[in-house]
**Q** 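Okay, here's the structure, questions in a sec.
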Amino acid sequence: MEDIHARFHIDWPGFRLDVDLTLPGRGVTALFGHSGSGKTTLLRCIAGIERVSAGRLTFNGEVWQDEKIWVPTHKRPLGYVFQEASLFPHLTVLGNLRFGMKRASGPVRVSLDQAVELLGIGHLLDRKPDRLSGGERQRVAIARALAVSPRVLLMDEPLAALDLKRKQEILPYLERLHDELDIPVLYVSHSPDEVARLADHLVAMEEGRVIAAGPLKETLARLDLPIRLGEDAGAVLDAVVGERDESWHLARLDFPGGSLWTRDRGIPVGRKIRVRVLARDVSLARQRQEETSVLNLLRGRVDAIEDEDHPGLALVRVRVGESPLLARLTKRSASALGIVRGQEVWVQVKSVALME
Amino acid sequence: MFLSDSDLQAIWLTVRLASIVTAILLLVGTPIAWWLARTRSKWKGPIGAVVALPLVLPPSVLGFYLLLAMGPHGPVGYLTRELGIGPLPFTFWGLVLASVFYSLPFMVQPVQNAFEAIGDRPLEVAATLRAAPMDAFFSVALPLALPGFLTAAILTFAHTVGEFGVVLMIGGNIPGVTRVASVQIYDHVEALEYAQAHRLAAVMLMFSFLVLLALYAWRPNPKKAG
């Protein structure tokens, strides 16, 4: 199995980067943090676009950088998608796609046709980049990076320069990459939504340091990290549509440890779906509430409690079966309910966001 | 005949000189422009200033130093003598060499600006698409800087055509060898041949206007980068 080991130290005026981490060689790893947290610089260091003297980088055991060795960017078997599509304006879409492809060596993992088909750009091949919309440009840029048959795909906030509508246009294509290609992806983002939707693995960064790293669901459910996410704190569950209740227009989503009812969005039974449950949409009760508008009542056990930044709030992690959920409570409620670790509680889920 | 044979000879010589100088400067000026556009060296300032010197220096000063350098006791003169080429002053190739220096900024600066306008990003992209630095230069930087090259070539050509002071210092006034159009006009005026001076001056005026018209009317739309 391929993995990336990266150790970099930068001490520029006003900017520090100090990381030493191992990234898994499969699935989508999100490098997540606010702007200035060093996530883009880390990605550029991994690509060799930024050269840092104090660094060591290995890819699947191959040394790309250490005290003696430096493999230049053009000899690293990677694909890179920049925040702005950065297509070559003097070439057509097809010319852009062929640019890297005809220079690439090694086995073909992604054919030109496959890249074109995956990103749905077959009708654009003869156009010049200035005749494309922002979303189309970014799709071409992703296809161009794939067409070099990379062993790892690096993406630097590929959606950040696009408006919401264009984002919605591209996200399904990114999910297809994830599902259909066996190429590990390092995905830089500052958007909790994108991370929750796409990532399998999370590396959270702040001020040039890694503050948390691990599998997405476990890492998001860590209490020290979500507190920093504020309103975006929440848990992610991988569920399957188990049943559709046509009389009430509801769908049941089964996840390891329980199930949730949500409004039926027409997703067929049996389809896998990722859902996000925000901590602010979860409340806790000692007794089962019979007369309530909340549909989803789950039995769980309190796993951990942590103070939030605001002195009046606490964050509670509850395990429902094996799945962790987060609940944000006032300390007064927590105290009135007498919530302690290990206690059985009823979990009320007001709202579920489907990631699709 | 509208122009005399000696006028036509002067024009032909001028065109030949300007073409050769433009071609040489495309080869010599491009690496200098690339280096100036990309370097972070402390030498960027001094080298850039030296390249720009002919813009402000009186042509007679430049011509004077070049004459000394090419003379029998100058470094260039020594070199040409050792190589068996003989002295360069008052020859066509001496004029070419002097013009290369004189027109250098007109080639380097537009090309340098064009390279700088491209920025780092297209070259970073090229590197992630497996293009080695040389490859990226020819397949990305050159095509993107093409409008800058056209501007530079036109300016260099036109500026060499308009040269006068340096020609007099280095080349003198030898028909068919160093007597270019601007010197020919000067000769006509000196000889009080105003009618002939008028005709040749009109040709030069039309040429200069057409060159500038070409530069200003033909502005390639800066294509939006993807």
Side-chain angles (χ1 to χ4, degrees), chain A residues 43-44 46-51 71-93 95-106 127-134 136-141 144-150 152-156 161, chain B residues 26 29-31 33-35 37-44 110-154 215 218-226:
Chain A
L43 199 70
R44 288 170 65 86
I46 291 172
I49 298 170
E50 209 74 60
R51 188 167 184 174
V71 179
T73 301
H74 68 273
K75 291 190 177 154
R76 299 183 183 191
L78 50 84
Y80 200 107
V81 179
F82 293 83
Q83 187 172 332
E84 316 79 32
S86 308
L87 301 179
F88 295 130
H90 61 297
L91 299 176
T92 61
V93 167
N96 269 279
L97 296 175
R98 283 204 175 131
F99 187 97
M101 212 180 92
K102 67 186 180 195
R103 289 171 170 82
S105 54
R127 295 215 205 148
K128 283 286 188 78
D130 59 352
R131 308 270 305 157
L132 303 178
S133 73
E136 287 168 343
R137 275 204 281 268
Q138 198 55 284
R139 272 152 60 194
V140 173
R144 180 175 69 173
L146 286 174
V148 301
S149 293
V152 57
L153 182 62
L154 313 183
M155 304 180 98
D156 182 11
Chain B
L26 276 172
T30 302
W34 179 251
W35 184 82
R38 310 281 312 165
T39 187
R40 288 175 192 161
S41 156
K42 60 180 177 177
W43 290 100
K44 176 177 176 162
V111 173
Q112 182 188 342
N113 289 340
F115 282 147
E116 280 169 354
I118 294 171
D120 292 338
R121 179 53 56 80
L123 299 164
E124 291 175 0
V125 173
T128 67
L129 295 173
R130 309 284 186 276
M134 257 317 191
D135 182 359
F137 173 79
F138 284 107
S139 57
V140 176
L142 273 192
L144 292 184
L146 203 57
F149 274 97
L150 282 171
T151 304
I154 292 172
L215 266 183
W218 170 82
R219 286 235 170 220
N221 287 329
K223 296 266 198 254
K224 268 186 288 175

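Convention: sequence-line order gives letters A, B, ...; per-chain numbering from 1. Predicted model only: the values in this text are computed from it and were never measured.
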**Q** For B/Ala136, is it the side chain, the backbone, both or neither that has a heavy atom under 4.5 Å from a heavy atom of chain A?
**A** neither

**Q** Determine the option with the most heavy-atom pairs under 4.5 angstrom with chain B, choosing from A/Arg76, A/His74, A/Met101.
**A** A/His74

**Q** Could you please spell out the steps behind the side-chain contact (heavy atoms from CB on, under 4.5 Å) verdict for B/Val125 and A/Phe99?
**A** CA-CA 10 Å; B/Val125 173; A/Phe99 187 97; over 6 Å; no

**Q** Return yes when atom CZ of A/Arg131 has more than 12 non-hydrogen atoms of other residues, nucleotides or ligands closer than 6.0 Å, and no otherwise.
**A** no

**Q** Taking the side chain as everything from C-beta on, heavy atoms only, tell me whether B/Pro122 gets closer than 4.5 Å to A/His90.
**A** no

**Q** Got a second to check how far B/Ser139's OG is from A/Arg103's CZ, nearest 0.5 Å?
**A** 4.5 Å

**Q** Please round to the nearest 0.5 Å and tell me the distance separating atom CG of A/Leu153 and atom OG1 of B/Thr128.
**A** 10.0 Å

**Q** When you measure from the side chain of B/Arg130 to the backbone N and O of A/Thr73, does any donor-acceptor pair fall under 3.5 Å?
**A** no

**Q** Quick one: what part of A/Arg144 sits under 4.5 Å from any heavy atom of chain B, side chain, backbone, both or neither?
**A** both

**Q** Among B/Pro143, B/Ala132, B/Pro133, B/Ala126, which has the most heavy-atom pairs under 4.5 Å with chain A?
**A** B/Ala132

**Q** What do you reckon, is NZ of B/Lys44 surrounded by more than 12 foreign heavy atoms closer than 6.0 Å?
**A** yes

**Q** Can you find a heavy atom in the side chain of A/Tyr80 that is under 4.5 Å from one in the side chain of B/Glu124?
**A** no

